[in-house]
Amino acid sequence: MTSALDRLKQHSSIVADTGDIEAIRKHQPEDATTNPSLLLKAAQTPAYQPFLKQALDYAKSQEQDEQKQIELACDYFAVLIGKEIANIVPGYISTEVDARLSFDTQATIAKAEQLLALYAEQGVSKDKILIKIASTWEGIKAAEALEKQGVKCNLTLLFSQAQARACADANVFLISPFVGRILDWHVANGVDKPTDPLDDPGVQSVRTIYDFYKRHGYKTVVMGASFRNTGEIVALTGCDKLTISPALLEELGELPATDDYLLENAQASADKPVPLTESEFRWLHNKDAMATEKLAEGIRAFAHAQEILESEVKSL
């Protein structure tokens, strides 16, 4: 029997959404992504305590100021986990910039450069790394500058068509539109959970973005993310990439394949729209209550996870 996961792999690149090295070894995805919440989960697991201790020792050897030591240790911990993952996956490992920098373009660029320098010390080429940045206007502008330097970026916490357009305008390498969190917002606001995944507002959002990119000939990769169930994933079969948690990968491996869903990779048939200005972006994004609320909520959540991780390091 062909599984749903087998069929997905025929049409989309599968990415592991986890910091669990053993889970990545088991599922053998092409790429892997991490975020502050996943890194915090790893840091609280006994198996990863040696990485945390190594990161703190390194930071103490480089910085005298305690707060700078803690910040550097967290970055180094992310890089040590990323290095282990990079040794397993043939493709990219995404490592996220501190969410507290989401509204500071220059600080985001500086943090990205620091992460790449730490990876270089570990012998990992920047060609293996995607710098993960929140899809604020400032984050998109940082990614645009980094891409011009040859640094590939993954724009995350993406919920609106305005964010998707601005990322394409900036020629970023990859976007991660969040499916499940879009559904969460609609359910919280009185919408019934759909019985058909094609009626899922998160699935609809990604399919719209995918079609827009392909029709206008944008090269930016679309990677569906933040899934709540296997139906959402299967309904996006054919999307460039899909980043999936180990638990959902297990479920997909046990489900029979279905030919009901497949995104069409249409040839470009329309000219690219005029790039959005900052004011146009902010207004269009602001008009979308779901996107506005979920972007802010996501940044706060990732920042909170980063702060807890820093507390864990401080307590060592």
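Computed from heavy atoms alone, side chains included, the values below leave out hydrogens, waters and symmetry copies. Just so you know, these numbers come straight off a predicted model, no measurement behind them.
In terms of modelled atom types and a separation under 3.5 Å, the side chain of Thr220 and the main chain of Val172 share a donor-acceptor contact. Checked by atom type and distance alone, the side chain of Ser12 pairs as donor or acceptor with a backbone atom of Gly238 at under 3.5 Å. Using modelled atom types, no side-chain atom of Thr108 and backbone atom of Ala142 make a donor-acceptor pair closer than 3.5 Å. Without hydrogens or angle criteria, Glu312 side chain to Leu40 main chain gives no donor-acceptor distance under 3.5 Å. Although no hydrogens or angles enter the test, the distance criterion places a donor-acceptor pair under 3.5 Å between the side chain of Thr277 and the main chain of Glu280.
The side-chain hydrogen bond (donor to acceptor under 3.5 Å, both in side chains) search around Glu22 returns Arg25, not counting sequence neighbours. Asp31 is linked by a side-chain hydrogen bond (donor to acceptor under 3.5 Å, both in side chains) to Lys241, counting only residues two or more places apart in sequence or in another chain. For the side-chain hydrogen bond (donor to acceptor under 3.5 Å, both in side chains) test, residues two or more places apart in sequence or in another chain that qualify with Ser176 are Asn154.
The CG atom of Leu116 lies 9.0 Å from the CG atom of Leu118; values are rounded to the nearest 0.5 Å. Here the straight-line distance linking atom CD of Glu66 with atom NZ of Lys60 works out to 8.5 Å at 0.5 Å rounding. A distance of 8.0 Å separates OG1 in Thr243 from CZ in Phe227, rounded to the nearest 0.5 Å. Gln204 contributes atom CD, which lies 10.5 Å from atom CG of Leu236 (distance to the nearest 0.5 angstrom). Between Glu232 atom CD and Leu183 atom CG the span is 5.5 Å, to the nearest 0.5 Å. Between the CD1 atom in Ile175 and the OG atom in Ser135 there is a gap of 7.5 Å [rounded to 0.5 Å].
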Side chain to side chain contact (heavy atoms under 4.5 Å, CB included), that's the test. Do Arg207 and Leu198 meet it? Break it down for me.
CA-CA 9 Å; Arg207 290 176 75 98; Leu198 290 182; 3.7 Å; yes
What's the verdict on side chain to side chain contact (heavy atoms under 4.5 Å, CB included) for Gln163 and Leu158, showing C-alpha distance, side-chain angles and the deciding distance?
CA-CA 6 Å; Gln163 288 173 296; Leu158 193 145; 3.7 Å; yes
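Ionic pairing of Arg7 and Asp259 is present here: one or more N-O contacts between side-chain nitrogen and carboxylate oxygen are shorter than 4.0 angstrom. Ionic pairing of Lys214 and Asp240 is present here: one or more N-O contacts between side-chain nitrogen and carboxylate oxygen are shorter than 4.0 angstrom. Salt bridge Arg100/Glu310: present, at least one basic N to carboxylate O contact under 4.0 Å. Under 4.0 Å is where a charged nitrogen must lie from a carboxylate oxygen, and between Lys53 and Asp57 at least one such pair does. A salt bridge does not link Glu71 to Lys68: none of the charged nitrogens lies less than 4.0 Å from a carboxylate oxygen. Checked for salt-bridge contact, Glu297 and Arg300 miss the test: no charged N lies under 4.0 Å from a carboxylate O. Salt-bridge annotation for Arg282 and Glu138: present, with a side-chain N of the basic residue lying under 4.0 Å from a carboxylate O of the acidic one.
Under 3.5 Å, the side chains of Asp211 and Thr208 contain no donor-acceptor pair of N or O atoms. Thr18 and Asp20 are not linked by any side-chain donor-acceptor pair at a separation below 3.5 angstrom, with hydrogens and angles left out of the test. Counting only N and O atoms by type, the side chains of His11 and Thr237 include no donor and acceptor under 3.5 Å apart. Donor-acceptor pairing under 3.5 Å is lacking for the side chains of Asn286 and Thr292.
Side-chain contact between Tyr48 and Ile21 is present, with heavy atoms from C-beta onward closer than 4.5 Å. Taking 4.5 Å as the limit, every side-chain heavy atom of Ile14 sits out of range of all side-chain heavy atoms of Glu30. Counting only heavy atoms from C-beta outward, the side chains of Gln69 and Gln62 never approach each other to under 4.5 Å. Contact of the Gln306 side chain with the Cys74 side chain is registered, since non-hydrogen atoms from C-beta on lie closer than 4.5 Å. Using a 4.5 Å heavy-atom cutoff, the side chains of Lys152 and Ile129 are not in contact. Considering only heavy atoms from C-beta on, Ile93 comes within 4.5 Å of Thr34 through its side chain. Within the 4.5 Å cutoff, the side chain of Leu80 has heavy atoms near those of the Gln122 side chain. Between Asp98 and Leu101, some side-chain heavy-atom pair lies under the 4.5 Å cut-off.
A chain of hydrophobic side-chain contacts below 4.5 Å, direct or via other Ile, Leu, Val, Met, Phe, Trp or Tyr residues, connects Ile88 to Ile244. Hydrophobic cluster membership is shared by Leu316 and Ile308, with clusters built from Ile, Leu, Val, Met, Phe, Trp and Tyr side chains linked at under 4.5 angstrom. The same ILVMFWY cluster, assembled from side-chain heavy atoms under 4.5 Å apart, contains both Leu72 and Val124.
Within the structure, the side-chain hydrogen bond (donor to acceptor under 3.5 Å, both in side chains) test picks out the following pairs touching residues 111-121 (sequence neighbours left out): Tyr58-Glu121, Asp75-Lys111, Thr95-Tyr119, Lys111-Gln114.
Grouped by direct or indirect side-chain proximity (heavy atoms under 4.5 Å, Ile/Leu/Val/Met/Phe/Trp/Tyr only), Phe159 sits with Phe103, Leu157, Phe178, Ile182, Trp185, Met290, Leu295, Ile299, Phe302. Applying the 4.5 Å side-chain rule to ILVMFWY residues, one finds Val15, Tyr92, Phe173, Leu174, Val221, Met223 in the same cluster as Leu130.
Just one residue in the list Ile85, Val89, Leu242 forms a side chain to side chain contact (heavy atoms under 4.5 Å, CB included) with Pro29, and that residue is Val89. Each of Val179, Val187, Asp184 was evaluated against Arg228; a single residue qualifies, Asp184, per the side chain to side chain contact (heavy atoms under 4.5 Å, CB included) test. Residue Ile133 forms a side chain to side chain contact (heavy atoms under 4.5 Å, CB included) with just one option from Ile109, Leu146, Ile140, and that option is Leu146.
The environment of NE2 in His216 is crowded: more than 12 heavy-atom neighbours from other residues, nucleotides or ligands sit within 6.0 Å. Within a 6.0 Å radius of CG in Asn189, more than 12 heavy atoms belonging to other residues, nucleotides or ligands are found. Within a 6.0 Å radius of NZ in Lys41, no more than 12 heavy atoms belonging to other residues, nucleotides or ligands are found. No more than 12 heavy atoms of other residues, nucleotides or ligands shown are found within 6.0 angstrom of NZ on Lys287. Residue Gln67 places its CD atom among more than 12 non-hydrogen atoms of other residues, nucleotides or ligands, all under 6.0 Å distant.
Closest of all the heavy-atom pairs between Ala73 and Ala55 is O-CB, 3.3 Å. The two residues Ala99 and Ala303 come nearest to each other via the heavy atoms CB-N, 3.8 Å.
Between Tyr218 and Phe212, the gap from one ring centroid to the other is short of 6.0 Å.
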